[in-house]
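What you see below is based on every heavy atom in this structure, not just the backbone, and it leaves out hydrogens, waters and symmetry mates.
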Amino acid sequence: PGAESYPASDQAVDAKCHLLASELSLSLAQVQSVWRLHGAESEAILKACLADDRTSLPDTDLPTAFARWTIRNEWVRRLDDLVERRLMLLYDRRLSRGCLRQMAAMLVEAGLLRAEDAESEVERTAERLKSHFGKQLAE
């Protein structure tokens, strides 16, 4: 779906991302981080999820509102799924425990994780990232 009406060149993608950043009052890095995940669907997704929250997840360029949209719309069930598959934060060198904690809190808000299990889910995900992928979290 993200390939429909996809810009024809890298320059056109850059122009589209600049335009979206300006229109939506986001940083270019925020728009580009969503574009890498959803391509040409990014505009509709960002417009649908950005009400007043234009902040980013800690230590990333992903908008917090986009992470919430992903939890609601992309069949997320666990923190590791959100990190590894849905938001692809596995590849962000800045990924931190603080970011994992905020995403766990969002899963709690969405009713997908019990509050008392949030910290153990963060630790389980951090250990999985280290043991399966050699990923060290930024501090």
Side-chain angles (χ1 to χ4, degrees):
E4 187 174 329
S5 302
Y6 197 87
S9 67
D10 289 342
Q11 294 80 11
V13 169
D14 288 343
K16 183 66 174 178
C17 287
H18 276 89
L19 179 65
L20 285 173
S22 176
E23 285 179 5
L24 301 174
S25 299
L26 293 170
S27 73
L28 179 59
Q30 286 176 307
V31 171
Q32 289 170 330
S33 66
V34 174
W35 188 276
R36 283 189 291 276
L37 295 169
H38 287 281
E41 287 186 319
S42 298
E43 180 175 8
I45 291 169
L46 286 170
K47 286 180 177 179
C49 72
L50 292 173
D52 298 319
D53 188 358
R54 299 235 176 337
T55 63
S56 291
L57 289 171
D59 308 312
T60 76
D61 293 318
L62 278 174
T64 302
F66 172 70
R68 282 192 174 91
W69 179 92
T70 302
I71 290 168
R72 284 191 313 272
N73 294 283
E74 296 289 322
W75 303 90
V76 173
R77 292 294 170 253
R78 295 184 3 188
L79 182 58
D80 58 355
D81 178 48
L82 183 62
V83 170
E84 295 170 25
R85 295 184 43 208
R86 309 304 177 181
L87 300 179
M88 303 297 284
L89 288 170
L90 164 67
Y91 302 107
D92 192 321
R93 61 179 168 70
R94 300 169 298 168
L95 182 61
S96 66
R97 282 187 195 280
C99 184
L100 293 182
R101 284 188 183 99
Q102 183 165 343
M103 289 185 292
M106 288 188 279
L107 291 171
V108 169
E109 289 170 11
L112 299 171
L113 179 64
R114 295 182 325 163
E116 58 269 21
D117 295 333
E119 189 59 31
S120 63
E121 183 74 359
V122 167
E123 292 307 315
R124 190 184 67 72
T125 299
E127 180 54 38
R128 176 177 162 74
L129 290 169
K130 184 177 179 182
S131 66
H132 281 73
F133 305 105
K135 173 76 174 171
Q136 292 288 350
L137 297 176
E139 295 301 325

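Annotation: side-chain contact (heavy atoms from CB on, under 4.5 Å) contacts of Ala21 (sequence neighbours excluded): Val31. For Ser96, the side-chain hydrogen bond (donor to acceptor under 3.5 Å, both in side chains) partners are Asp59, not counting sequence neighbours. The side-chain hydrogen bond (donor to acceptor under 3.5 Å, both in side chains) test applied to Asp117 returns Arg114, not counting sequence neighbours. Every residue two or more places apart in sequence or in another chain that forms a side-chain contact (heavy atoms from CB on, under 4.5 Å) with Leu90 is listed here: Leu129, Phe133, Lys135.
Between the CD atom of Gln32 and the NZ atom of Lys16 there is a distance of 14.0 Å, given to the nearest 0.5 Å. For the atom pair Leu46 CG and Gln30 CD, the distance stands at 9.0 Å (nearest 0.5 Å). We find the CD-CZ distance between Glu84 and Arg128 to be 4.0 Å, quoted to the nearest 0.5 Å. With rounding to the nearest 0.5 Å, the separation of CD in Glu127 from NE2 in His132 is 9.5 Å. A distance of 11.5 Å separates CG in Leu37 from CZ in Arg86, rounded to the nearest 0.5 Å. From Asp81, atom CG reaches atom CG of Leu87 across 9.0 Å, with rounding to the nearest 0.5 Å.
Taking both residues in full, the closest heavy atoms of Ala8 and Ala12 are given as N-CB, 4.2 Å, listed atom of the first, atom of the second, then distance. Here the closest heavy-atom approach between residue Leu113 and residue Ala118 is recorded as CD2-CA, 3.8 Å. Closest non-hydrogen pair, Ser42 versus Gly39, comes out as OG-O, 2.7 Å. Here the closest non-hydrogen pair linking Trp35 and Pro7 is CZ2-CD, 3.7 Å. Closest approach of Arg97 to Ala126, counting heavy atoms only: NH1-CB, 3.3 Å. Minimum heavy-atom separation, Cys49 to Ala65: O-CB, 3.3 Å.
When atom types are taken as modelled, the side chain of Glu121 and the backbone of Leu79 share a donor-acceptor pair closer than 3.5 angstrom. Side-chain atoms of Arg54 come within 3.5 Å of backbone N or O of Leu24 as a donor-acceptor pair.
Side-chain contact between Leu62 and Thr70 is absent, with no heavy-atom pair separated by less than 4.5 Å. For the pair Arg94 and Asp61, the minimum side-chain heavy-atom distance is below 4.5 Å. Considering only heavy atoms from C-beta on, Cys17 comes within 4.5 Å of Leu28 through its side chain.
The ring-ring contact (aromatic ring centres under 6.0 Å, His included) contacts involving residues 53-107 comprise His38-Phe66, His38-Trp69, where partners must be two or more places apart or lie in separate chains.
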Return a table of donor-acceptor pairs under 3.5 angstrom between the side chains of residues 102-109 and protein atoms on other chains or two or more places apart.
residue: Glu109; atom: OE1; partner: Arg68; partner atom: NE; Å: 3.4
residue: Glu109; atom: OE1; partner: Arg68; partner atom: NH2; Å: 3.4

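Across Arg85, Lys130, Arg124, a single residue satisfies salt bridge (charged side-chain N to carboxylate O under 4.0 Å, His left out) together with Asp80, and that is Arg124.
Hydrophobic clustering places Met88 together with Leu95 (ILVMFWY residues linked when any side-chain heavy atoms are closer than 4.5 Å, directly or through intermediates).
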What's the verdict on side-chain contact (heavy atoms from CB on, under 4.5 Å) for Cys99 and Leu89, showing C-alpha distance, side-chain angles and the deciding distance?
CA-CA 10 Å; Cys99 184; Leu89 288 170; 4.3 Å; yes

